There are 2 protein chains.
Amino acid sequence: MPDPVQSSFRALADPTRREIIAILSKEQQTIAQLTGHFDMTRAAVKKHLTVLSDGGLITMEQQGRECINRLSPGGMKPVLDWLSYFDQFWNTRLENLKEAIERNDT
Amino acid sequence: MPDPVQSSFRALADPTRREIIAILSKEQQTIAQLTGHFDMTRAAVKKHLTVLSDGGLITMEQQGRECINRLSPGGMKPVLDWLSYFDQFWNTRLENLKEAIERNDT
DNA sequence: TTGACAGGATACCAAAAGGTATCACATAAA
DNA sequence: TTTATGTGATACCTTTTGGTATCCTGTCAA
């Protein structure tokens with residue numbers, strides 16, 4: 001899937017993948033660790049991780065026999081780019097983002 | 001689909017639906033008008049519109065024998081809420097949103 | 001009234017998506 | 001060196017999804 005917008009949005013469209021993102025936002029995890037959070041096999045979790053990786057939202061680093069999964073900071077760029085194109089309609093909520101930004105910037 | 005986050009993200013996951021959003025951001029359209037923009041049947045376009053409506057991203061108003069489709073201003077709220085939860089990782093791109101907001105706010 | 005036009009609704013189809021089971025392989029540990 | 005662990009890869013299954021075709025209903029215009 002060569003379109004970054006499509007692959008990003010696709011990666012976000014599944015609740016399991018969004019939860020994986022939430023978990024990885026707290027700490028990096030191996031595939032086996034991540035599987036412990038869900039009621040499915042490692043193979044299924046690994047498929048989700050592949051989709052997330054294709055979408056640029058995470059990075060998968062091989063370390064010995066383990067596979068470390070981390071959130072990719074710039075991965076959300078295509079999504080935010082697309083969303084910001086329609087600010088004039090959805091800027092209601094952007095107020096909150098603005099606050100978050102100002103908290104971070106200083 | 002009772003989960004607003006899921007139905008919103010699902011609605012955004014298809015390129016045709018995102019293009020519909022782009023079109024509707026310029027002007028409201030009937031189903032027949034929208035169909036003119038794509039290489040598919042009215043039935044297919046209507047299905048996409050139903051998904052977008054389920055996701056709260058558009059409103060469909062019956063007007064005589066026509067069906068007027070409009071962008072729903074607050075529809076992106078669940079998406080932006082979810083995204084803003086991970087600001088600390090993706091705030092790189094939030095800079096641009098900030099600029100867009102400041103252009104609109106005055 | 002009689003068409004023509006805009007949409008619902010349904011059934012159906014092919015492909016993609018989410019998931020499991022299984023086997024193979026490399027590596028860490030005993 | 002065994003043995004167990006963590007993962008990759010493949011095949012397979014079921015459900016969902018994107019799409020068409022078809023038919024039916026309502027509405028606007030001659």
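Every chain is numbered from 1, with letters handed out A, B, ... down the list of sequences. From a predicted model like this one, the values you see are computed outputs, not experimental measurements.
- Proximity of B/R18 to A/V5: side-chain heavy atoms (C-beta onward) are separated by under 4.5 Å at one or more points.
- Taking atom CG of B/D14 as the reference point, atom P of D/dG19 lies 6 Å away to the nearest angstrom.
- Side-chain atoms of A/K46 and base atoms of D/dG8 include no donor and acceptor less than 3.5 Å apart.
- Within 4.0 Å (heavy atoms only), A/A43 reaches at least one base atom of the nucleic acid.
- Between A/N69 atom CG and D/dG6 atom P there is a gap of 14 Å when expressed in whole angstrom units.
- Rounded to an integer number of Å, the gap from B/E61 CD to C/dG8 P is 13 Å.
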- Message: Under the criterion side-chain contact (heavy atoms from CB on, under 4.5 Å), I'd like the reasoning laid out for B/H37 against B/V45: C-alpha separation, chi angles, the key distance, then a yes or no.
- Response: CA-CA 10 Å; B/H37 296 286; B/V45 172; over 6 Å; no
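- Considering only side-chain N and O atoms, B/R10 lies under 4.0 angstrom from the phosphate OP1 or OP2 of D/dT17.
- For the pair A/F38 CZ and C/dT20 C1', the interatomic distance rounds to 17 Å; values are reported in whole Å.
- Under the side-chain contact (heavy atoms from CB on, under 4.5 Å) test applied with A/I20, the options A/I58, A/D14, A/L34 reduce to a single match, A/L34.
- Residues B/T30 and B/C67 are not in side-chain contact: their nearest non-hydrogen atoms beyond the backbone lie 4.5 Å or more apart.
- For A/R17, counting side-chain heavy atoms from C-beta on, the closest listed nucleotide (D/dG6, C/dG18, C/dT20) is C/dG18.
- Remark: P of D/dG8 and CG of A/L34 are 12 Å apart, rounded to the nearest angstrom.
- Among D/dT20, D/dG6, C/dT20, the nucleotide with an atom closest to any side-chain atom of B/K47 is D/dT20.
- Taking every side-chain heavy atom of B/E66 into account, C/dG7 is the closest of D/dT20, C/dT20, C/dG7.
- Checking B/T30 against A/M40, the closest nucleotide of DNA chain C that is more toward the 5' end is the one next to B/T30.
- In terms of phosphate contacts, B/H48 brings a side-chain nitrogen or oxygen within less than 4.0 Å of OP1 or OP2 of D/dG19.
- Taking 4.5 Å as the limit, every side-chain heavy atom of B/Q28 sits out of range of all side-chain heavy atoms of B/E61.
- Side-chain contact check for A/R17 versus A/L12: every heavy-atom pair is 4.5 Å or farther apart.
- Counting any heavy atom pair closer than 4.0 Å across all strands shown, B/A32 reaches sugar-phosphate atoms only and no base atom.
- Out of C/dG7, D/dG19, D/dG8, the shortest distance to the side chain of A/I31 is found at D/dG8.
- A/L49 has its CG atom 14 Å from the C1' atom of C/dG19, to the nearest Å.
- Comparing B/Q63 and A/R65, the nucleotide of DNA chain D nearest to each residue sits closer to the 5' end for A/R65.
- An OP1 or OP2 oxygen of C/dG8 is reached within less than 4.0 angstrom by no side-chain nitrogen or oxygen of B/R42.
- Side-chain nitrogen and oxygen atoms of A/Q33 include none within less than 4.0 Å of the OP1 or OP2 phosphate oxygen of D/dG6.
- The shortest distance between the side-chain N/O atoms of A/T41 and the OP1/OP2 oxygens of C/dG19 is not below 4.0 Å.
- We find that CD of B/Q6 is positioned 13 Å from C1' of C/dG18, with the value rounded to whole Å.
- Counting to the nearest Å, the C1' atom of D/dG8 and the CD1 atom of A/I68 are 16 Å from each other.
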